[in-house]
Amino acid sequence: MASFFSDFGLMWYLEELNKKEFMKFKEFLKQEILQLGQKQISWTEVKKASREELANLLLKHYEEKQTWDMTFEIFEKLNRKDLVERAQREIAGHPKLYRAHLKKKLTHYGFRAFSISIQDFFKEKFTKEDCDYFESLLLSTRTETHPHMVFMNGVAGIGKTLMLKKFMLAWSEGLVSQNRFSYIFYFCCQDVKQLKTASLAELISREWPNASAPIEEILSKPEKLLFIIDSLEVMECDMSERESQLCDNCMEKQPVNILMSSLLRRKMLPESSLLISATPETFERIQDIIEYTDVKIVKGFQEDNISTYFHRLFHDKNRAQEAFSLVRKNEQLFTVCQAPVLCWMVITCLKDEIEKGRDPVPICRCTTSLYTTHIFNLFTPESAQYPSKKSQDQLQALCSLAAEGMWTDTFVFSEEALRRNGIMDSDIPTLLDIGMLGKIGESENSYIFFHQSVQEVCAAIFYLLKSHDDHPSEDVKCIETLMYTFLMKVKVQWVFLGCFIFGLLHKSEQEKLEVFFGYQLSQRIKDTLYQCLETIKNNERFQEQIDGMKLFSCLFELEDEAFLVQAMNCMVDINVVVKDYSDIIIAAYCLEHCSTLKRLSFSTQSVLIEEPEKSYKEKLFTCWNHMCSVFINSKDIQVLQIKETSFNESTFQVLYESLKNPSFTLKRLMANNVAFFGGVHMFFELIQNCSLEYLNLSRSSLSHSEVKLLCEILIQEECNIKKLVVAQCKLSPDDCKNFAFVLMSSKSLKDLNLASNNIGLGISSLCKVLYHPDCVLENLVLGNCSLSEQCWDYISDVLRRNKTLKHLDISFNDLKDEGLKILCKSLTLPDCFLKSLSMVYCRITSSGCQDLAEVLRNNKNLKCLQISHNKLGDTGVKLLCDAIKHPNCHLENLELEDCEITSASSEDLSSAFIQCKTLKKWTLDGNTFEVSGMVFSET
């Protein structure tokens, strides 16, 4: 309500009082101030003040809401309820005014500069189905502790922004959520990021129709607010900030990434609702960090929508079907058409080619070809065969602007940016007219490309025309840096940029570029790109960071088999995530040419079990066969990870046949969050391969019968598994009996990870076996296993009687001080051989440190102690530090993250560090300290 006074004026309301009422107002004001014990204003000042002066005095001495509350009270006493009611009506009018402003703003939104309106993609009227869908975006899951946070998850350019605009327009017209939200504020991360720092109040004010947003009023009911955060991936938020770094003050300026994290992690306005659009990669990166209530997958246009749109724009039924069939045959181009505005672009381009009597087939060869054809057509007059010199210069300048934008994460450009890159003021009307640029708003001088992918293809063209050294901005880097940045997904908002560069190297695209610009382009760029791949080949860190699908998409766009083979021979380590049928075609094309791989990680999500149209079912199966041929061609694969994948029996059969080759010497196999649907027995057969030493089944649900089958294979003499990870596999207490049988029988299994399974008292079966002299287990992880107080006696017995166990992890269990005391009785014994103990998040307090200190003074074998995220306090840490100084303490590594300790404990630790001859490293508050002799270094 802060700016209510500036909008409507306290003075204006005081002017409505007659002279007698105004004097009484002052008397009541004096009583109100005395009664409430408020800060005093000099009565002399009040008595002689005019209406304007009194308004200024009140606003000077009190907060605006407080002033208004007192004013309301006094108006009631003066029997001027008419003024109170009028003010309330005007205050209530704020949401109504805002809706009207938003509706007007959105009515002009769209692509009118590109001759496209929002109605080109959606019906003129909102149907009940439309409203139900949008209402479902924010339904049912809101509670006091969990307000709405809904993610709209979809690939870049699929139409999420368009959908959000439609939602806001529906709200502004009172069709959806009209009683749920008083205000909806839209924050585009591309714009927000340019601000560097801002407060939430500033962001809200930017959306308000005038300069004085009623911030206090807006924020007074946060449960009635919806914040729409569009394109979160642009912010590059990793949500890794500490709680103390976040902000809860809506008026305080913060770096914009901190501001967004504070909203998303519910530090700021936790009662408000959030609707967020993000790419799948961004959502995957942060989904475990934030508490969201729902995820809506945005898939854009489906086949029926695309076909209908072709027929609508072509008019001629036969030509529409001809063009649609061409696009449908190219899965990558068809995928592009799922984005509404790009579907319009594809249809328009094909329509122009056909109407000019040209063969549309060549431009459907690959995605790059269609984009370049569309752009060159825009710059070439219909009656001309070649573009004018001015058109060539305009496109070249536009490409320079695009390159700068990609490197600076800029997608909205000022006139100054246009001029800096060679676009003159006189060029702007032409670029707007042909639809390469669009104008933001009616009066602002800000411009955008037709679509981000168009900006990316223009940026790619820049690199074929000029060197980065010729660019006016130092932010624009060389093509080698560009490719590393693209392939490693350093900039997740770069969706097509690297692919377009490779696509432009195709012979037909080179010819088009030379015809348009009138000179022959350098052929050295392909060699440069190959050198990039050679560099990656010789750098193991680079190999691990490369996004396989990005690389494959680049090579697929180039369509050069000789270069493909060269490139694939550079790859030793590949990570591939297939999200749709289009991706599996690309992955198959590249993987069947691999022969040098040593490590492969792939995910096909639900692609292999989805039911495509009959005509594509066979093609899908063929592509999957080609993908699996990598295991025949690359016989040196040592590490294989299958993740986030669902198989049916027939698709797993193909994989099984490829992997069971006796010459295939796999060492490490991971199947994480994998659903086999009938093929699990074949998968377990694979682990009998005598070369396999590591098996990780984390997040893959296992039934009791499947656990039994797995364990029967693990005890086979030919099975050589040394480490087994079955974390988060929905194991039950009864399953422990099967694993106990394996521990008793296997001579190879040294490492067992059962973390995040609800095994509880089932641990007793394991512990009884761990006493046995035939058990050779060395590492046991029982983190987050719902271990109760009855379990600690079993584990204590293991620590006392087992001679082989070296590492025990019981983190994220309710150990508490009582449980720790039980364990410490065994840990203090001289014949306890445990070397490493992890008790993170175990609810240990300073009281437990007394027992732990006794262990450190008596146990010469314990080398590593991890007790982070326990409430040890300074008292507890001092007890530990005194014990560390004891000559019998042989501790080498101590981790104490977030243990509620102060700087005083840091001094105790430093002292202990110096006096203890064995302690080499300790971790505290995000810093790791190591010692070499007497010199500390923070790593």
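- In summary, the side chains of Gln396 and Gln394 do not present any donor paired with an acceptor at a separation below 3.5 Å, with no hydrogens or angles considered.
- The neighbour count for Met251 CE, taken as heavy atoms of other residues, nucleotides or ligands under 6.0 Å away, does not exceed 12.
- The aromatic rings of Trp344 and His374 stand perpendicular to each other, their planes meeting at an angle above 60°, with 30° marking the opposite boundary.
- In the model, Glu509 has a side-chain atom that pairs as donor or acceptor with a side-chain atom of Thr372 under 3.5 Å.
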Hey, mind stepping through Asp409 and Lys193 against salt bridge (Lys or Arg N to Asp or Glu O under 4.0 Å) and telling me if it holds? CA-CA 9 Å; Asp409 300 331; Lys193 188 174 181 179; 2.8 Å; yes
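- By the 4.5 Å heavy-atom criterion applied to side chains, Asn575 and Asp547 are not counted as neighbours.
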Take Ile501 and Leu504 through the test side chain to side chain contact (heavy atoms under 4.5 Å, CB included) and record every step on the way to the result. CA-CA 5 Å; Ile501 287 193; Leu504 290 168; 5.5 Å; no
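- The backbone N or O of Thr197 sits nowhere less than 3.5 Å from a side-chain atom of Gln254 that would complete a donor-acceptor pair.
- A heavy-atom distance below 4.5 Å is found between the side chains of Val457 and Ile375.
- Taking the six-membered ring for Trp, His468 and Tyr463 have ring centres at least 6.0 Å apart.
- Contact check for Leu395 versus Leu378: no side-chain heavy atoms found under the 4.5 Å cut-off.
- When only modelled atom types and interatomic distance are considered, Asn421 and His471 share a side-chain donor-acceptor pair under 3.5 Å.
- Contact annotation: the side chain of Ile525 approaches that of Ile479 to within less than 4.5 Å [non-hydrogen atoms, C-beta and beyond].
- Using a 4.5 Å cut-off on side-chain heavy atoms (C-beta onward), Lys550 and Phe486 make contact.
- For the residue pair Gln332/Thr367, the side-chain donor-acceptor check at 3.5 Å is not satisfied.
- Considering all non-hydrogen atoms of both residues, Leu533 and Cys570 come closest at O-CB, 3.7 Å.
- Judged purely by distance below 3.5 Å, without hydrogens or angles, the side chains of Ser446 and Lys439 never pair a donor atom with an acceptor atom.
- The two atoms that bring Ala402 and Ala459 nearest to each other are CB-N, 3.6 Å, heavy atoms only.
- Within the cation-pi definition used here (under 6.0 Å to the ring centroid, within 45° of the axis), Lys165 qualifies as a partner of Tyr186.
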Chi angles and distances behind the side-chain hydrogen bond (donor to acceptor under 3.5 Å, both in side chains) call for Glu252, Ser199: CA-CA 5 Å; Glu252 186 179 321; Ser199 67; over 6 Å; no
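- Side-chain contact, Ser582 with Glu331: no donor N or O sits under 3.5 Å from an acceptor N or O.
- Here Arg599 does not pair with Glu544 in a salt bridge; the nearest charged N to carboxylate O distance is not below 4.0 Å.
- Annotation for Leu264 and Ile290: closest pair O-CG2, 3.8 Å, computed over non-hydrogen atoms.
- A salt bridge does not link Asp230 with Lys160: none of the charged nitrogens is closer than 4.0 Å to a carboxylate oxygen.
- By the 30° and 60° cut-offs, the orientation of the rings of Phe502 relative to Phe563 is perpendicular.
- Pairing each heavy atom of Phe411 with each of Ile448, the nearest pair is O-CG2, 3.2 Å.
- In this structure a side-chain-to-backbone donor-acceptor pair under 3.5 Å is missing from Gln531 to Lys526.
- Under 3.5 Å, the side chains of Thr408 and Asp475 contain no donor-acceptor pair of N or O atoms.
- Taking the six-membered ring for Trp and thresholds of 30 and 60 degrees, Phe185 and Trp208 have ring planes inclined between 30 and 60 degrees apart.
- Remark: Tyr386 OH is loosely packed, at most 12 non-hydrogen atoms of other residues, nucleotides or ligands lying under 6.0 Å away.
- The shortest side-chain heavy-atom distance between Ile536 and Ile546 falls under the 4.5 Å cut-off.
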side-chain hydrogen bond (donor to acceptor under 3.5 Å, both in side chains) between Gln641 and Ser601: does it pass, once the steps are laid out? CA-CA 4 Å; Gln641 181 182 33; Ser601 171; 3.0 Å; yes
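- Close placement of the Tyr371 and Phe500 rings is indicated, their centers lying within 6.0 Å of each other.
- Aromatic ring centroids of Phe542 and Tyr484 lie under 6.0 Å apart.
- For the pair Asp560 and Tyr589, the tightest heavy-atom approach, listed with the atom from each and the gap, is N-OH, 4.0 Å.
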Please evaluate residues Met568 and Leu555 with respect to the criterion side chain to side chain contact (heavy atoms under 4.5 Å, CB included), reporting the C-alpha separation (whole Å), side-chain torsions for both, the decisive distance (0.1 Å), and the verdict. CA-CA 9 Å; Met568 288 295 92; Leu555 297 169; 3.5 Å; yes
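- Aromatic rings from Phe283 and Phe151 are positioned such that their centres are separated by under 6.0 Å.
- Thr279 and Glu233 get closest at one heavy-atom pair: N-OE1, 3.3 Å.
- Judged by distance alone, the side chains of Ser508 and His506 do bring a donor and an acceptor atom under 3.5 Å apart.
- Judged by distance alone, with hydrogens and angles left aside, the side-chain atoms of Gln543 form a donor-acceptor pair with the main-chain N or O of Asp573 at under 3.5 Å.
- In this structure, the side chain of Ser553 engages the main chain of Met549 through a donor-acceptor pair within 3.5 Å.
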Give the intermediate values and the outcome of side chain to side chain contact (heavy atoms under 4.5 Å, CB included) for residues Tyr519 and Leu521. CA-CA 6 Å; Tyr519 59 87; Leu521 304 177; 3.7 Å; yes
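- Inter-residue side-chain proximity for Val454 and Phe496 is flagged as unmet; no heavy-atom pair is nearer than 4.5 Å.
- Ion pair Arg206/Asp191 not flagged as a salt bridge, since none of the NZ, NE, NH1 or NH2 atoms sits closer than 4.0 Å to an Asp/Glu carboxylate oxygen.
- For the residue pair Glu353/Asn377, the side-chain donor-acceptor check at 3.5 Å is satisfied.
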Salt bridge (Lys or Arg N to Asp or Glu O under 4.0 Å) between Glu559 and Arg365: does it pass, once the steps are laid out? CA-CA 10 Å; Glu559 284 189 1; Arg365 179 191 62 79; 3.2 Å; yes
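- Residue Leu418 forms a side chain to side chain contact (heavy atoms under 4.5 Å, CB included) with just one option from Leu398, Leu401, Asp427, and that option is Leu401.
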Between His593 and Glu561, is the side chain to side chain contact (heavy atoms under 4.5 Å, CB included) condition met? List the steps. CA-CA 9 Å; His593 290 89; Glu561 191 164 323; 3.6 Å; yes
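- With contacts defined as side-chain heavy-atom distances shorter than 4.5 Å, the pair Met260/Val192 qualifies.
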